[in-house]
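Read through the structure below, which is laid out as structure tokens, and then see the notes.
Side chains included, hydrogens not; waters and symmetry mates left out as well; all remaining heavy atoms used. Read the numbers this way: they start at 1 and go in the same order the structure lists the ligands and their atoms. Since the structure is predicted, the reported quantities are computational estimates derived from the model, not experimental observations.
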Amino acid sequence: METWFIIIVSLCISSLLKSILNILFYNYKSSINNSLKKKLPPGPSRILLICNLLWQIRHGKPITDLGSILRRLKLRYGPLITLKSGRIPLIFVSGHSLSLDALVKKGSLFCDRPPPPINERTIFNTTGRIITSAPYGPTWRSLRRNLTVEILHPTRVRTYSDARSRVVTLLIRRLLNREKEVLKVIDHFNYAMYSLSSLMCFGHDLNDNQIEKVEAVQRRSFSGFSPFSPLVFWPRLGKILFRGRWKALMQLRKDQEDVFVPLIKTNRERINVNNNDEIKVVSYVETLLNLQIREGNNISKLDEGEIVNLCSEFLNAGTDTSSTALQWIMANLVKYPHIQTKLYEEIFQILGQTPPLTSSSTLLETVNENELQKMTYLKAIILEGLRRHPPSHFLLPHKVTRDVELEGYVIPKNARVLFMVNEIGWDPEVWEDPMEFKPERFLGIKDFDVTGKREIKMMPFGAGRRMCPAYEMALFQLEYFVANLIWYFEWRAIEGDSIDLSEKLDFTTVMKNPLLARISLRRTST
Ligand code: HEM
């Protein structure tokens, strides 16, 4: 009821605003020359778009399932589609060579981001300097470089091996106690990924209680920022009309600060006590406390509110994406037991034993990270999982910095460009039986290039300058988790249940019916 009310009110206000903007920006609009407007990529009229939305509702599909509308439009208009919902055109791209052209060859023109509908600046009165939404420029460069060099560089990633081993031990111990139960695995995967991101973000000395608090507050603040909330589009109006929600949002931010700020202080004290050179395992917060951002002649440090925002971004960007990918991969291993057996045989052959279980030791023996390099079938499974079930079906929105030509059309300055990740990975012209889960397809390819520098066949992490900076670490973490989960346990579907691979759009594209499974400890060799 409330959702419908919001949608209807939103539509009314948006058409009112649109009319006002049309009048106000008439001059701006006419300054986009007519020939250029004519060359916009093709797309449906507003009426056709509304018909598509109605079709969607009539067929019981959620109105937010943009993917299926676009799939129908693609059949009619091709891989480059314009949706004119307001003053600024939205361009959807679903072709390989088009994506390569835009993201890599003309990468410098497609690498800006539109301002988020609502950002920290509007709500919390801070500067809103975070990587994902920073415009292409010096601030983005400093923040991204800090994350890439100080945290995600392979030498740094190696230093987090104790954290990974601690988290996998924690996960396996949780599962060991539930051998007789039907497991809803996603809850455990989410907790594991939050634990790992929290340890990297705030430091290795975080205890389990602190990790739980980080997860709880982060989950709440995440769902508090619903993209359909009226507060997102009209913060000022929403503040008056939806006072209850506004207060709840403010409370969420306060709760987040109550958890994060003491952890930031502990990091500050640690830096002051230790000589920097002596710190072996660096936390993300430590790097942020040390960071100096150069903007022109100005050099500034991050304030506490900005560090809270960046920690929140770090946790959001890395946890749901990774646990979603892990769930999809495990679902396929449960659905196709022959693939699971083949993977276990590879792991067993390389490690030469079943996992030794000594319940007294605090740390369980986990797969030696160096051995992962040899597990080619494991790597193929991870890549196939990301191709078939990319956690994000769209890249984050890109904004073009000036009029640019793409496939004979003009993408005007400031247009928002959305790249359709799933359509690219599912293209039958590139992949045989694209909707099948067949890890073998990657076995013949030596060092598959997931960055798409020369050719884009799939892009679960994007491509070009805004590509996910953590792609190598994310792949490595997935390998490590899957290897351990399969080394320790045999995974089975629950009796009479077939694994349903239907999708649902959440923050990521998740399993509509979350994976339920039974596990048993592997006690004997194959
Ligand atoms: C399986 C795991 C992951 C997947 C599938 C994934 C996917 C993506 C995608 C599709 C983008 C958007 C790229 C674009 O708009 O062009 C992105 C951006 C980003 N990701 Fe990831 N990601 C994963 C894990 C992580 C982790 C672990 C972190 C942090 C530690 C992270 C940090 C970021 C950041 C900061 C950006 C913004 C980059 C920018 O705007 O310059 N991601 N990721």
Side-chain angles (χ1 to χ4, degrees), residues 93 99-100 102-104 107 110-116 129-137 139-153 156-157 160 163-164 167 189 192-201 283-285 287-288 309-329 382-383 385-399 416-422 424-425 450-452 456 458-482 507-510:
V93 181
S99 302
L100 183 74
L103 289 169
V104 180
F110 279 84
C111 58
D112 210 357
R113 293 264 195 239
R129 294 196 280 195
I130 58 171
I131 305 171
T132 32
S133 60
Y136 186 63
T139 306
W140 169 78
R141 216 166 277 120
S142 291
L143 293 173
R144 182 166 166 128
R145 192 170 185 283
N146 175 62
L147 175 63
T148 328
V149 174
E150 301 294 341
I151 301 293
L152 302 171
H153 189 275
R156 280 293 160 89
V157 172
Y160 301 116
R164 282 188 292 273
V167 170
F189 293 172
M193 291 304 176
Y194 261 106
S195 303
L196 187 51
S197 299
S198 306
L199 290 170
M200 291 177 67
C201 186
S283 72
Y284 186 43
V285 170
T287 71
L288 296 175
N309 296 337
L310 283 155
C311 292
S312 182
E313 175 188 58
F314 185 87
L315 294 164
N316 285 344
T319 45
D320 271 34
T321 43
S322 302
S323 57
T324 301
L326 185 58
Q327 177 175 229
W328 280 117
I329 291 166
I382 305 298
L383 286 174
L386 290 167
R387 180 198 69 79
R388 177 62 187 83
H389 305 284
S392 313
H393 278 200
F394 294 94
L395 299 186
L396 297 171
H398 286 236
K399 183 178 111 179
R416 302 339 189 204
V417 187
L418 286 135
F419 294 87
M420 297 170 69
V421 177
N422 58 327
I424 289 173
V450 81
T451 64
I456 294 181
M458 60 188 252
M459 51 173 193
F461 299 101
R465 297 174 194 217
R466 285 285 188 159
M467 182 183 179
C468 177
Y471 75 95
E472 280 179 295
M473 185 185 79
L475 284 170
F476 179 70
Q477 283 177 183
L478 285 172
E479 288 167 16
Y480 183 65
F481 274 88
V482 173
F507 170 64
T508 52
T509 298
V510 296

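- Only side-chain heavy atoms of Ala474 come within less than 4.0 Å of ligand 1; its backbone N, CA, C and O stay farther off.
- Of the protein's heavy atoms, Thr132 CG2, 3.3 Å lies nearest to atom 37 (C) of ligand 1.
- Trp328 and His389 have parallel rings, their planes meeting at less than 30° on a 0 to 90° scale where 60° marks the start of perpendicular.
- Using a 4.0 Å cut-off between heavy atoms, Arg144 contacts ligand 1 through its side chain alone, with no backbone atom that close.
- Closest to atom 30 (C) of ligand 1 among all protein heavy atoms lies Phe314 CE1, 3.6 Å.
- Evaluated by nearest non-hydrogen atom to atom 12 (C) of ligand 1, the leading choice among Leu396, Leu478, Ile130, Leu418 is Leu396.
- Annotation for ligand 1: atoms under 4.0 Å from non-hydrogen atoms of His398 are 14 (C), 15 (O), 16 (O).
- In terms of N/O distances under 3.5 Å, ligand 1 is not approached by Glu313.
- Interface atoms of ligand 1 facing Ile131, defined by a heavy-atom separation under 4.0 Å, are 39 (C), 40 (O), 41 (O).
- Annotation: atom 36 (C) of ligand 1 to nearest protein heavy atom, Pro469 CD, 3.6 Å.
- At under 3.5 Å, not a single nitrogen or oxygen of Ser392, backbone or side chain, sits near a nitrogen or oxygen of ligand 1.
- At least one heavy atom of Arg113 sits closer than 4.0 Å to an atom of ligand 1.
- Using a 4.0 Å cutoff on heavy atoms, Gln477 does not count as a contact of ligand 1.
- Here CG of Leu315 is found 10.5 Å from CE of Met200. Values are rounded to the nearest 0.5 Å.
- Under the side-chain contact (heavy atoms from CB on, under 4.5 Å) test applied with Pro460, the options Leu475, Val450, Leu395, Ile424 reduce to a single match, Val450.
- Side-chain contact, Asp320 with Thr508: no donor N or O sits under 3.5 Å from an acceptor N or O.
- We find the CG-OG1 distance between Asn422 and Thr509 to be 7.0 Å, quoted to the nearest 0.5 Å.
- Contact of the Gln477 side chain with the Leu196 side chain is registered, since non-hydrogen atoms from C-beta on lie closer than 4.5 Å.
- In this structure, Arg466 contributes its side chain and Asp112 its backbone to no donor-acceptor pair below 3.5 Å.
- Those atoms of ligand 1 that come under 4.0 Å of a heavy atom in Pro460, given as number and element, are 5 (C), 7 (C), 10 (C).
- Between the CZ atom in Arg465 and the NE2 atom in His398 there is a gap of 12.0 Å [rounded to 0.5 Å].
- At a 3.5 angstrom cut-off on N or O pairs, Ser322 does not count as close to ligand 1.
- Between the side chain of Gln327 and the backbone N or O of Val510, no donor-acceptor pair lies under 3.5 Å.
- No donor-acceptor pair closer than 3.5 Å links the side chain of Arg144 to the backbone N or O of Ile131.
- In this structure, atom 28 (C) of ligand 1 lies nearest to the protein heavy atom Ala470 CB, 3.4 Å.
- The nearest protein atom to atom 6 (C) of ligand 1, hydrogens excluded, is given as Phe461 CD2, 3.6 Å; this is a heavy-atom distance.
- Ligand 1 has Trp140 within reach: a non-hydrogen atom of the residue lies less than 4.0 Å from it.
- Summary of contacts: the protein heavy atom closest to atom 23 (C) of ligand 1 is Thr321 OG1, 3.6 Å.
- In summary, the atoms of ligand 1 found under 4.0 Å from a heavy atom of Leu395, numbered by their order in the structure, are 10 (C), 14 (C), 15 (O), 16 (O).
- Note that CG of Leu152 is 8.5 Å distant from OH of Tyr284, once rounded to the nearest 0.5 Å.
- Among Ala463, Ala317, Gly385, the residue whose heavy atom sits closest to atom 25 (C) of ligand 1 is Ala317.
- Taking the six-membered ring where tryptophan is involved, the planes of Tyr136 and Trp140 are tilted, since the angle between them lies from 30° to 60°.
- Counting only heavy atoms of the protein, atom 43 (N) of ligand 1 lies nearest to Cys468 CB, 3.1 Å.
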